[in-house]
Protein chains: 2
Amino acid sequence: MNDNAHSAAIRVERPAKTLRELALDKVREAIVSGYFRPGDRLVERDLCAQLGVSRTIVREVLRHLESEGLVANLPNKGPIVAQLNHDEAKQIYEIRAALEGMAARLCAEQNNPAIADALDKSLEDIKRSYREKDMAGVLAHTSSFYQTLFSMVDRHVAWGVVNLLTVRINHLRSMTIKTENRDVQGPAQMARIVDAIRRGDGEGAYQAAMDHVTSASAIAQAVLSGRQPID
Amino acid sequence: MNDNAHSAAIRVERPAKTLRELALDKVREAIVSGYFRPGDRLVERDLCAQLGVSRTIVREVLRHLESEGLVANLPNKGPIVAQLNHDEAKQIYEIRAALEGMAARLCAEQNNPAIADALDKSLEDIKRSYREKDMAGVLAHTSSFYQTLFSMVDRHVAWGVVNLLTVRINHLRSMTIKTENRDVQGPAQMARIVDAIRRGDGEGAYQAAMDHVTSASAIAQAVLSGRQPID
DNA sequence: TGCCATAATATGGCCTACCAAAATCCTTCA
DNA sequence: TGAAGGATTTTGGTAGGCCATATTATGGCA
């Protein structure tokens with residue numbers, strides 16, 4: 001027993017990730033990062049070669065990404081990287097507004113100072129990343145901010161939905177945060193959310209969260225209008 | 001050209017359903033309908049035999065259902081039918097409330113009488129199904145009511161999210177609608193939504209939609225408390 | 001009898017190889 | 001030139017096999 005407990009204590013935390021999960025992450029990352037562009041065909045056997053795995057894995061991965069909305073399947077032609085149009089992007093921002101607004105309200109109604117403190121910490125990270133011009137960091141810490149918002153009130157299902165939708169607009173997000181003045185306005189809007197939460201002002205937190213997403217959406221629309229869709 | 005246009009016009013809407021999609025629907029239906037119970041193991045090779053398809057297909061289907069949240073994968077044990085706990089159900093109802101409330105508000109702000117008319121039609125179908133004690137019909141027409149709500153304002157992404165979440169609580173829905181008085185209260189609450197939309201009262205429609213889901217959620221919680229989880 | 005080590009079984013994870021059907025590209029011949 | 005008709009590419013789908021792990025028998029030993 002003692003021996004067992006001991007070996008358990010030193011047990012190496014093995015990856016436990018299956019090859020399929022690794023491949024899934026790789027391909028998702030490749031799409032989100034723009035290595036595969038919207039409209040690109042994802043030929044199964046090519047992916048096999050690039051990933052170094054069998055078709056079985058590739059097919060399962062493509063199915064998974066299809067159900068995530070990152071990949072579209074043309075009948076008898078095969079999978080391509082999904083194209084996000086104007087309208088869908090708008091809808092995604094709208095849903096995020098509704099859910100993040102909800103989460104912010106719940107946080108405010110919790111009246112727990114630890115929540116605002118945790119959010120402030122993420123906010124500092126975001127500002128620092130902006131100062132260091134580390135845009136990947138801005139995105140990551142912004143995600144972290146919202147994850148905190150949801151997890152502090154135990155809304156992991158809603159967080160899952162938001163997360164799922166967010167990967168589909170990732171390239172838009174990375175463009176909006178580079179917009180002029182966004183390094184000041186973005187954090188300012190998020191600070192309003194935190195302030196309302198700290199005051200216990202549910203309605204204010206809701207509005208502030210809605211406003212933040214809404215302004216991001218407006219910028220995204222402008223970006224999309226400026227550059228013609230990749231069609 | 002003319003010929004082309006003509007042949008396109010009469011083109012038979014071919015099934016186009018791949019075997020995988022058929023299998024996916026079958027298994028999803030089997031889970032939603034309760035043929036497979038929460039916690040049941042879904043042994044790949046058994047499913048192959050039952051569905052009459054290859055393991056490739058079965059695996060892709062399982063992956064798809066996993067990302068829908070209907071199937072859970074235990075490491076080193078394999079897939080089982082996902083178990084819905086108390087808290088998750090509550091969260092799902094909460095998200096539906098937020099999104100259906102949003103859709104109802106948008107419908108109201110549209111000021112288009114056709115919307116309320118279409119909703120009224122679904123509502124009549126629901127009442128008739130209740131009178132005929134056709135509970136499957138009640139569920140179907142209720143879905144149809146909400147689908148109208150979303151599609152009338154072109155919010156198919158949000159509808160997709162709601163739909164995805166709804167399949168996971170399908171058994172709860174089928175219990176809530178059988179609750180005492182639900183055949184009167186349910187339609188009455190939905191009529192309030194329609195009335196507000198017809199009046200162009202966005203805030204009222206939002207509240208009415210929230211109230212409807214919230215009361216369904218309360219009933220679901222009661223049902224879940226009454227009968228111990230299937231563990 | 002009771003317990004432990006071992007073998008058998010079940011199952012998921014992963015792979016290769018194959019076939020049919022559809023789309024597409026390419027060649028050839030009138 | 002241009003249309004018929006292969007050849008190629010690629011998906012959709014199948015079959016079956018290998019390995020690792022986990023569970024379950026099983027049989028032998030104290």
Side-chain angles (χ1 to χ4, degrees), chain A residues 1-5 7-8 11-28 30-31 36-37 39-67 70-82, chain B residues 1 3-4 7-8 11-28 30-31 36-37 39-67 70-82:
Chain A
M1 272 300 182
N2 205 316
D3 196 56
N4 239 333
S7 68
R11 166 107 92 260
V12 49
E13 194 65 41
R14 68 164 155 177
K17 284 240 183 181
T18 84
L19 197 53
R20 171 171 48 84
E21 291 172 294
L22 294 172
L24 176 62
D25 290 343
K26 281 271 188 220
V27 179
R28 190 194 287 114
I31 293 176
F36 293 130
R37 312 277 285 276
D40 279 3
R41 293 192 62 183
L42 298 170
V43 176
E44 289 181 7
R45 281 164 174 91
D46 291 355
L47 282 178
C48 293
Q50 292 183 58
L51 295 168
V53 299
S54 74
R55 253 185 96 200
T56 310
I57 304 277
V58 168
R59 291 181 58 148
E60 290 175 31
V61 165
L62 288 174
R63 282 329 140 224
H64 197 115
L65 293 172
E66 191 186 341
S67 73
L70 278 180
V71 164
N73 234 321
L74 310 181
N76 287 325
K77 288 208 62 178
I80 61 171
V81 177
Chain B
M1 274 299 181
D3 196 58
N4 237 334
S7 67
R11 167 104 96 263
V12 51
E13 194 66 40
R14 67 167 155 172
K17 284 246 184 181
T18 96
L19 196 54
R20 170 170 47 85
E21 290 172 294
L22 294 172
L24 176 62
D25 290 343
K26 281 272 188 221
V27 178
R28 189 193 287 112
I31 293 177
F36 293 129
R37 312 277 285 274
D40 279 4
R41 293 191 62 183
L42 298 169
V43 176
E44 289 181 6
R45 286 164 173 93
D46 290 356
L47 282 177
C48 291
Q50 292 183 57
L51 295 168
V53 297
S54 71
R55 252 183 100 192
T56 309
I57 305 277
V58 168
R59 293 184 56 125
E60 290 177 31
V61 165
L62 289 175
R63 242 78 282 164
H64 197 116
L65 293 173
E66 191 186 342
S67 72
L70 278 179
V71 164
N73 236 323
L74 309 181
N76 288 325
K77 288 208 65 176
I80 62 170
V81 177

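Order of the sequence lines sets the chain letters (A, B, ...), proteins ahead of strands, with each chain counted from 1.
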Provide, to the nearest angstrom, the distance between the CG atom belonging to B:Leu19 and the P atom belonging to D:dG12.
-> 12 Å
Single hit among B:Val61, B:Val81, B:Val58 for side chain to side chain contact (heavy atoms under 4.5 Å, CB included) with B:Val27 = B:Val61
Of the listed C:dT11, D:dT14, D:dT11, the closest approach to the B:Arg41 side chain comes from C:dT11
Rounded off to whole Å, could you give me the CG-to-P distance for the A:Asp46 and D:dT9 pair?
-> 11 Å
Per atom distances to the A:Ile57 side chain, the nearest of C:dC14, D:dT14, D:dG12 is C:dC14
Counting any heavy atom closer than 4.0 Å, what does B:Leu42 reach on the DNA or RNA strands: base, sugar-phosphate only, or nothing?
-> sugar-phosphate
Could you please name the option among D:dT11, D:dT21, C:dC14 that lies closest to any side-chain atom of B:Asn76?
-> D:dT21
Name the nucleic acid region contacted by A:Leu62, choosing base, sugar-phosphate or nothing; use a 4.0 angstrom heavy-atom cut-off, strictly under.
-> nothing
Can you check whether A:Lys77's main-chain N or O pairs, donor with acceptor, with A:Arg41's side chain at less than 3.5 Å?
-> yes
Taking atom P of D:dG16 as reference, at what distance in whole Å does atom CZ of B:Arg55 sit?
-> 13 Å
Note: for B:Arg45 and B:Gly52 on DNA chain D, the residue whose nearest nucleotide lies more 5' is B:Gly52
Of all the nucleotides listed (D:dG13, C:dC14, D:dT11), which has the minimum atom distance to the side chain of A:Thr18?
-> C:dC14
Separation of B:Asn73 atom CG from C:dC14 atom C1', in whole Å?
-> 15 Å
C:dA23 C1' sits how many Å from A:Leu74 CG, rounded?
-> 12 Å
Quick one: B:Leu47 CG to C:dG13 P, roughly how many Å, whole number?
-> 13 Å
Is any side-chain heavy atom of A:Leu22 closer than 4.5 Å to a side-chain heavy atom of A:Val53?
-> no
Please tell me which of the listed nucleotides, C:dC14, C:dT24, D:dG13, lies nearest to the side chain of A:Lys77?
-> C:dT24
From CG of B:Leu24 across to P of D:dG13 the rounded distance in Å is 12 Å
Is any side-chain N of the basic residue among B:Arg63 and B:Glu60 closer than 4.0 Å to the acidic one's carboxylate O?
-> no
Between NZ of B:Lys17 and P of D:dG13 the distance, given in whole Å, is 12 Å
Look up atom CG in A:Leu42 and atom CG in A:Leu47, then write down how far apart they are to the nearest 0.5 Å.
-> 5.5 Å
Per atom distances to the B:Arg59 side chain, the nearest of D:dT10, C:dT11, C:dC14 is C:dC14
